[in-house]
Peer 1: 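Quick one: this structure, given as structure tokens, is what I'll be asking you about.
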Amino acid sequence: MQLQLFAALLFGLGAVALQGPAPHHQLKQAHEARLAKRSLAKRDEVDLESLYPAHNLSVPIDFFPNETRYEPHTDGHFNLSYWFDASYYKPGGPVFVLLSGETYGTDRLPFLQKGIVHQVIEATGGLGVILEHRYYGTSFPFDDLSTEHLRFLSTEQALAEIDYFARNVEFEGIDADLTAPNTPWIAYGGSYAGAQSAFLRVVYPETFWGTISSSGVTIAIDDYWEYFEPIRQFAPPDTVSATQTFIDILDSVLLGDDEDDIKKLKEAFGLGDITDKRDFAFIFTSINNWQGTNWDPELNSPSFYYYSGNLTSPTLVSNETEALRPTIEAFAEAAGYENDTAAVNIFLNAIAIYGATAVAAWNESGLSQDAYFTQLNETHWKEDIGLDQQWWRSWQYQVCTEWGYFQTGNTPKDIKPLVSRVLDLDYLSVSCREAFNVTGRPDIWQVNKYGNYSISYPRLAIIGGNADPWRPSTPLADVAPKRNSTTEEPFLEIAHGVHHWEENGIFPNETSPVLPPYQVIYAQQFLKNFVISWLEDWDKEHQHYEL
């Protein structure tokens, strides 16, 4: 059987930026692949940046001049980028703003054209906006990303910025005052931006008439082993079982103290020159690619299913691994898989998978294995603080200072893990110490003070997928208080949905009996219906808005 090759990197980039840490060279490769994809899209499709030209609003850098954490303070301003579509706008209509979160605002422009923003403004006669986040895209307060200059990148500063925008923006070509609270503003965000949306309704209720938190990570968690629980529960069972078997055998060696066996294990993968066993173990995290799965073929990353198909193949996907069978049989027997041909084949298939991905990528790099795979090279984390490093530096700073989400292998002992148990908090947070001199754990209380699992407010909607690896950090978590959905406080769990699946959309001529899937159609209609109801409530209070 031929090995199905896949070019995606070892961690899923997907359509969102919420990710765990990764070696610097792999982060760089992911960024370059993403830029190449954007370049191809511009050549092959309508250039959305021309269709929706960028605009800027000058906003303060520092909204909290009395808080010591931001010293030295500044009274400076910078240009915050935004894009809008007024093609459906009718006088008196709402402003529906999508928060772009921890990525380029231009990445969210498709949602103006055919996603949730398009659908809502068409249904309500509203004006749609994509709003960029400070320190991302083109919206920078300073000309570099030094730790000193990053001090204004915090949850509360970012929320205050959105409030300021809603109260001060003017839309070119619109002869009307559309600022809040004179106009109903509805904020929407997915993932990190989903948390922002939820927090806005609680912190600035007079500005935002309603907000929608899609897969909103309203609970910051530093040791986030729970990331893998929805994958274990909802990913294909054979893939989950095979991954657990592979990791179980891997860890039986790595968690031991036999250096000769550890060396043999590394050499079996062609990675014998990796010094630190944690760097070696970190390679085997392809199960993370589950996050990149999407119902929309244009956004779906196929990496998980290539990984799944190869790992669970009943026969070897590469005959070249057969020579390693005696070595792997010995490892499997020591791990409790005596005379278990299926377990050995799973491990041999894993060797083939990572040979075609990790080893192949390293071979092309021209670097030593340690230089390519390690997280422990402080030079990589410190070498460049330019704005062109935003693709890792901005979000990693937020991770290290407030959000955490280090996806460790600290799975409870009664659950077989999906990644190695040697991946601990100390190792996965090394970039915090080296890049930003953050030696303590993140101040997650700066996030959780807004309401965490229990966050609730009239006209605050909570939506997410039950198969989303970020669900344990949202109000849909198993440990969160149970809720009933009402028009005033909508609540929806999308069956078999992953990460903010209702955000994107397809053109009418692209629909089919299976696209979009029923649960996504329902979620989008559900969302539009409660937004219309919210606007009817606005009309009752203000007596001037008609759909």
Side-chain angles (χ1 to χ4, degrees), residues 13-17 34 37-55 81-90 93-101 103-132 137 171 186-191 193-194 197 212 214-215 292-302 461 463 465 492 494 497-532:
L13 188 61
V16 293
R34 176 182 166 282
K37 182 178 179 180
R38 290 181 68 203
S39 178
L40 286 172
K42 282 187 176 183
R43 289 202 301 266
D44 297 340
E45 303 172 2
V46 174
D47 183 355
L48 296 182
E49 293 180 48
S50 296
L51 186 62
Y52 306 111
H55 300 269
S81 297
Y82 65 97
W83 299 257
F84 71 91
D85 181 6
S87 58
Y88 294 102
Y89 176 71
K90 297 177 182 178
V95 174
F96 189 83
V97 57
L98 184 144
L99 309 177
S100 67
T103 187
Y104 297 77
T106 51
D107 286 352
R108 309 303 192 191
L109 293 183
F111 304 137
L112 274 182
Q113 186 188 40
K114 58 180 179 178
I116 198 62
V117 184
H118 172 88
Q119 293 183 29
V120 170
I121 62 176
E122 183 179 32
T124 63
L127 182 143
V129 182
I130 304 295
L131 179 61
E132 197 159 69
F171 296 104
I186 309 292
Y188 175 100
S191 196
S197 290
I212 303 162
S214 177
S215 298
T293 60
N294 196 285
W295 62 268
D296 184 348
E298 185 175 315
L299 294 184
N300 180 59
S301 170
I463 299 176
L492 178 65
I494 302 174
V498 187
H499 208 43
H500 48 93
W501 267 18
E502 86 291 342
E503 187 169 12
N504 55 292
I506 57 179
F507 293 118
N509 63 352
E510 296 174 326
T511 60
S512 73
V514 295
L515 292 177
Y518 172 75
Q519 66 266 41
V520 171
I521 293 174
Y522 178 88
Q524 292 172 339
Q525 292 178 348
F526 174 76
L527 189 156
K528 286 184 289 186
N529 288 344
F530 69 67
V531 168
I532 290 172

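What you see is a predicted model; the values in this text were computed from it and never measured.
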Peer 1: In Å, rounded to the nearest 0.5 Å, how long is the span from CD1 of I463 to OG of S215?
Peer 2: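 Going from the CD1 atom of I463 to the OG atom of S215 covers 9.0 Å.
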Peer 1: Quick check: closest heavy atoms across A523 and E502, and the distance to 0.1 Å?
Peer 2: CB-CB, 4.0 Å
Peer 1: Find the distance between OG (S191) and NE2 (H500) and round it off to the nearest 0.5 Å.
Peer 2: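 Rounded to the nearest 0.5 Å, the OG-NE2 separation comes to 4.5 Å.
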Peer 1: Walk me through it: do I212 and F530 pass the test side-chain contact (heavy atoms from CB on, under 4.5 Å)?
Peer 2: CA-CA 10 Å; I212 303 162; F530 69 67; 3.9 Å; yes
Peer 1: The test is side-chain contact (heavy atoms from CB on, under 4.5 Å); show your working for N504 and F111 and say whether it passes.
Peer 2: CA-CA 6 Å; N504 55 292; F111 304 137; 3.5 Å; yes
Peer 1: Do the non-hydrogen side-chain atoms of L515 and E510 ever get within less than 4.5 Å of each other?
Peer 2: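 L515 does not reach E510 side chain to side chain.
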Peer 1: So how far is it from L527 CG to I532 CD1, rounded to the nearest 0.5 Å?
Peer 2: 10.0 Å
Peer 1: Which heavy atom in S197 sits nearest to a heavy atom in G189, and how many Å separate them?
Peer 2: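 Closest heavy-atom pair between S197 and G189: OG-N, 2.9 Å.
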Peer 1: With rounding to the nearest 0.5 Å, note down the distance linking CD in Q113 to CG in L48.
Peer 2: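 If we round to the nearest 0.5 Å, Q113:CD and L48:CG are 4.5 Å apart.
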Peer 1: How about OH on Y522, more than 12 heavy atoms from neighbouring residues, nucleotides or ligands closer than 6.0 Å, or not?
Peer 2: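 12 or below, so no.
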Peer 1: Quick check: do E503 and L98 have side-chain heavy atoms less than 4.5 Å from each other?
Peer 2: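 Heavy-atom side-chain distance check passes, below 4.5 Å.
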Peer 1: Check step by step if side-chain contact (heavy atoms from CB on, under 4.5 Å) holds for L127 and I121.
Peer 2: CA-CA 6 Å; L127 182 143; I121 62 176; 5.8 Å; no
Peer 1: Please examine the side chains of V117 and D85, heavy atoms only from C-beta on, and report whether any two atoms are closer than 4.5 Å.
Peer 2: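 The answer is no, as the side chains (C-beta and beyond) never meet within the 4.5 Å cut-off.
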Peer 1: Looking only at non-hydrogen atoms, find the nearest pair between L131 and S81 and report the distance.
Peer 2: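 Looks like CD1-O, 3.8 Å.
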Peer 1: Are the side chain of S512 and the backbone N or O of V514 linked by a donor-acceptor pair below 3.5 Å?
Peer 2: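 Here the side-chain-to-backbone pair exists.
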Peer 1: Donor-acceptor check, side chain of S214 to backbone of G190, threshold 3.5 angstrom: yes or no?
Peer 2: no
Peer 1: Taking C-beta and beyond as the side chain, do P516 and I521 meet within less than 4.5 Å on heavy atoms?
Peer 2: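 Side chain of P516 against side chain of I521, heavy atoms only: contact under 4.5 Å found.
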Peer 1: Taking the side chain from N300 and the backbone from N294, do they hold a donor-acceptor pair closer than 3.5 Å?
Peer 2: yes
Peer 1: May I ask you to decide if W501's main-chain N or O and W295's side chain share a donor-acceptor pair within less than 3.5 Å?
Peer 2: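 Flag set: sc W295 to bb W501 pair under 3.5 Å.
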Peer 1: Look up atom CD in E132 and atom OG1 in T103, then write down how far apart they are to the nearest 0.5 Å.
Peer 2: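 These two atoms lie 8.5 Å from each other.
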Peer 1: In a check of ring pair (Phe, Tyr, Trp, His ring centres under 6.0 Å) between H118 and each of Y88, F507, F96, Y188, which one passes?
Peer 2: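 Only one of Y88, F507, F96, Y188 forms a ring pair (Phe, Tyr, Trp, His ring centres under 6.0 Å) with H118, namely Y88.
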Peer 1: Is any side-chain heavy atom of I506 closer than 4.5 Å to a side-chain heavy atom of E298?
Peer 2: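 Sidechains of E298 and I506: no contact.
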Peer 1: For a side-chain contact (heavy atoms from CB on, under 4.5 Å) check, start with the C-alpha distance between F171 and V129, then their side-chain angles and the critical distance, and finish with the verdict.
Peer 2: CA-CA 10 Å; F171 296 104; V129 182; 3.7 Å; yes
Peer 1: Answer whether the closest heavy-atom distance between the side chains of W83 and T106 falls below 4.5 Å.
Peer 2: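 W83 reaches T106 side chain to side chain.
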